[in-house]
Visitor: 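Just passing along the structure, written as structure tokens.
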Amino acid sequence: MAKLNKAKILDLFDTQTRTNPSAHLGLVREWADGVLRCTGSYNLIAWWDPNLRSEDVDSVITAQTVFFRSLNERVEWKVYSHDRPANVEERLDAAGWQADEVETFLVFDLEYGDIPAKPTPGVNVRRVRDHKGLEDYVTASSAAFECDQSHWSEMLKSRLHDPTLVAFVAYADETPVASGRLELIPGTAFAGIYGGGTAPTHRNRGVYAALVAARADEARSQGYRYLTVDALKTSQPILLQIGFEAVATVRGWILNR
């Protein structure tokens with residue numbers, strides 16, 4: 001497989017997705033105080049004025065802090081390793097935002113290869129198409145992350161027929177044991193995978209890789225070139241082994257209610 005031009009990928013990703021985040025049901029995008037924020041079904045800041053001066057960072061962060069505090073809403077500010085100015089994370093920390101774990105931004109070029117997922121006997125991956133599938137998704141996700149994931153039920157229900165979101169569940173003898181989502185960004189070359197996890201009883205059996213492969217096949221079938229993921233340390237080794245490449249690091253900074 002050809003090596004990625006990482007600088008080119010980051011520039012394309014920023015231009016196509018971060019400056020124009022996907023709009024779906026229940027999400028509002030707006031420029032305010034120098035940042036592009038998404039509010040509604042979730043709250044996110046992932047892009048800001050590229051000409052923002054270092055000395056203006058504090059005032060911009062203060063404005064967003066006041067805004068989301070007034071709403072009593074949780075928000076995540078995502079900072080990539082190539083973002084400027086370089087002191088954004090330092091100033092978020094000083095303003096009381098909480099640092100999430102550093103993740104690695106990984107990319108797989110769907111034009112030059114397939115995910116080498118070996119068939120796992122007794123396991124099949126199916127797309128969520130109805131309410132029973134949603135229940136299975138929550139069951140599998142709760143088992144994978146070993147905590148209640150029922151909050152996904154309403155969110156996924158509202159987007160069950162949204163063509164930009166595809167959810168998958170892996171079954172072992174009809175028992176849901178793994179799940180994950182695919183976010184498609186229309187008009188771009190990028191599709192992202194999120195929320196992938198496998199129940200402890202079925203790890204190290206190729207289930208996770210099969211779930212990634214199913215999402216890769218879906219993204220390719222809909223004309224997308226690149227598959228992306230913000231990977232934690234737990235999933236990063238598997239993803240690198242099956243052909244993803246590390247392009248940058250990314251960390252979310254959280255302002256809780």
Side-chain angles (χ1 to χ4, degrees), residues 17 21-29 37-46 68 71-78 98 100-101 103 120 122-186 191-203 205 207-219 222 227-232 234-235 252 254-257:
T17 72
S22 178
H24 58 70
L25 184 65
L27 189 69
V28 175
R29 301 175 300 180
R37 65 190 180 206
C38 298
T39 58
S41 55
Y42 61 83
N43 300 308
L44 175 70
I45 295 171
F68 285 101
L71 298 179
N72 193 29
E73 288 286 349
R74 179 186 187 276
V75 58
E76 177 183 17
W77 189 313
K78 294 187 75 168
Q98 298 177 348
D100 224 340
E101 186 175 346
E103 299 172 311
T120 304
V123 173
N124 64 87
V125 179
R126 299 201 291 264
R127 179 175 177 171
V128 172
R129 297 185 181 277
D130 53 28
H131 295 296
K132 175 60 167 62
L134 291 179
E135 293 175 1
D136 290 344
Y137 184 100
V138 171
T139 297
S141 184
S142 297
F145 295 102
E146 300 182 78
C147 64
D148 181 19
Q149 296 282 301
S150 58
H151 61 278
W152 283 111
S153 182
E154 282 303 313
M155 189 276 206
L156 292 175
K157 181 180 178 182
S158 69
R159 297 183 65 191
L160 185 58
H161 303 294
D162 182 345
T164 68
L165 172 67
V166 187
F168 291 90
V169 176
Y171 296 85
D173 300 322
E174 297 306 309
T175 298
V177 296
S179 61
R181 309 184 307 280
L182 174 70
E183 292 275 359
L184 304 168
I185 311 175
I193 60 175
Y194 298 91
T198 306
T201 53
H202 287 77
R203 289 173 187 165
R205 301 186 187 183
V207 178
Y208 181 82
L211 196 60
V212 174
R215 288 177 284 178
D217 289 344
E218 178 66 24
Q222 296 206 36
L227 193 64
T228 69
V229 57
D230 297 340
L232 292 167
T234 49
S235 59
I254 310 300
L255 183 72
N256 286 308
R257 293 177 178 175

Visitor: If you take all heavy atoms of Val123 and Ala170, which pair is closest and at what distance?
Guide: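 It is CG1-CB, 4.4 Å.
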Visitor: Using a 3.5 Å distance criterion without hydrogens, assess whether the side chain of Arg203 forms a donor-acceptor pair with backbone atoms of Ala144.
Guide: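 Yes, because the side chain of Arg203 sits within donor-acceptor range (under 3.5 Å) of the backbone of Ala144.
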Visitor: Working to the nearest 0.5 Å, report the span between OG1 of Thr228 and OH of Tyr194.
Guide: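 Between Thr228 OG1 and Tyr194 OH, I get 5.0 Å after rounding to 0.5 Å.
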Visitor: With heavy-atom distances below 4.5 Å as the criterion, would you say the side chains of Thr198 and Arg205 are in contact?
Guide: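 A side-chain contact is absent here, since even the closest heavy-atom pair is not under 4.5 Å.
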Visitor: Where do Tyr208 and Ser235 come nearest, in terms of heavy atoms and distance?
Guide: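 The answer is OH-CB, 3.4 Å.
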Visitor: From Leu156 CG over to Leu134 CG, what is the distance, rounded to the nearest 0.5 angstrom?
Guide: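 The distance works out to 6.0 Å.
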Visitor: Return the CD to CG distance between Gln222 and Leu182, rounded to the nearest 0.5 Å.
Guide: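 Rounded to the nearest 0.5 Å, the CD-CG separation comes to 7.5 Å.
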Visitor: Can you give me the closest heavy-atom contact between His151 and Asp148, atom names plus distance?
Guide: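 So the two residues come closest at ND1-O, 4.1 Å.
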Visitor: Go through it in stages, so that I can follow the logic: the residues are Arg215 and Glu218, the test is side-chain contact (heavy atoms from CB on, under 4.5 Å), and I'd like the CA-CA distance, side-chain angles, deciding distance and then a yes or no.
Guide: CA-CA 5 Å; Arg215 288 177 284 178; Glu218 178 66 24; 5.6 Å; no
Visitor: If you define the side chain from C-beta out and look only at heavy atoms, does anything of Val229 sit under 4.5 Å from Leu227?
Guide: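 No; the side chains remain at least 4.5 Å from each other.
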Visitor: What I'd like to find out is whether the side chain of Arg257 reaches to under 4.5 Å of the side chain of Glu73, using heavy atoms alone.
Guide: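 The answer is yes, as the side chains (C-beta and beyond) meet within the 4.5 Å cut-off.
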Visitor: Between CD of Gln98 and CG of Leu255, what distance do you get to the nearest 0.5 Å?
Guide: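 Gln98 CD to Leu255 CG: 8.5 Å, rounded to 0.5 Å.
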Visitor: So do the side chains of Asn43 and Arg74 get within less than 4.5 Å of each other, counting heavy atoms only?
Guide: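 Sidechains of Arg74 and Asn43: no contact.
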Visitor: For a quick test of reading the model, state the closest non-hydrogen atom pair linking Ala191 to Ala219 and the distance between them.
Guide: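 For Ala191 versus Ala219, the nearest heavy atoms are CB-CB, 3.9 Å.
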Visitor: Does the Ser142 side chain pair with the main chain of Gln149, one donor and one acceptor, at a distance under 3.5 Å?
Guide: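 Yes, Ser142 side chain to Gln149 backbone: donor-acceptor pair under 3.5 Å.
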Visitor: What closest approach, in Å, do Arg181 and Gly195 show between heavy atoms, and which atom pair accounts for it?
Guide: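 That would be NH1-CA, 3.7 Å.
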Visitor: I'd like to know whether Lys78 forms a salt bridge (Lys or Arg N to Asp or Glu O under 4.0 Å) with Asp230, so could you lay out the CA-CA distance, the side-chain angles of the two residues, the decisive distance to 0.1 Å, and finally the verdict.
Guide: CA-CA 11 Å; Lys78 294 187 75 168; Asp230 297 340; 2.5 Å; yes
Visitor: Nearest 0.5 Å please: distance from the CG atom of Asp217 over to the CZ atom of Phe168.
Guide: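 Between Asp217 CG and Phe168 CZ, I get 8.5 Å after rounding to 0.5 Å.
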Visitor: Is His161 atom NE2 crowded by more than 12 heavy atoms from other residues, nucleotides or ligands, each under 6.0 Å away?
Guide: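 Atom NE2 in His161 is not crowded, with 12 or fewer foreign heavy atoms closer than 6.0 Å.
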Visitor: Looking only at non-hydrogen atoms, find the nearest pair between Thr139 and Pro176 and report the distance.
Guide: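 In this case the closest contact between Thr139 and Pro176 is CG2-CG, 4.0 Å.
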Visitor: Are Val169 and Arg126 side-chain neighbours, meaning at least one heavy-atom pair lies under 4.5 Å?
Guide: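 A side-chain contact is absent here, since even the closest heavy-atom pair is not under 4.5 Å.
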Visitor: Could you check if a side-chain atom of Ile45 sits within less than 4.5 angstrom of a side-chain atom of Phe68, using non-hydrogen atoms only?
Guide: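 Yes - at least one pair of side-chain heavy atoms lies under 4.5 Å apart.
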Visitor: State, yes or no, whether a side-chain contact exists between Glu76 and Tyr42 at a heavy-atom distance under 4.5 Å.
Guide: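 Sidechains of Tyr42 and Glu76: no contact.
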Visitor: Do Thr175 and His202 come close enough that some side-chain heavy atom pair is under 4.5 Å?
Guide: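 No, every pair of side-chain atoms sits at 4.5 Å or beyond.
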Visitor: Starting at CG of Leu160, measure out to CG of Leu165 and round the result to the nearest 0.5 Å.
Guide: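 The distance works out to 9.0 Å.
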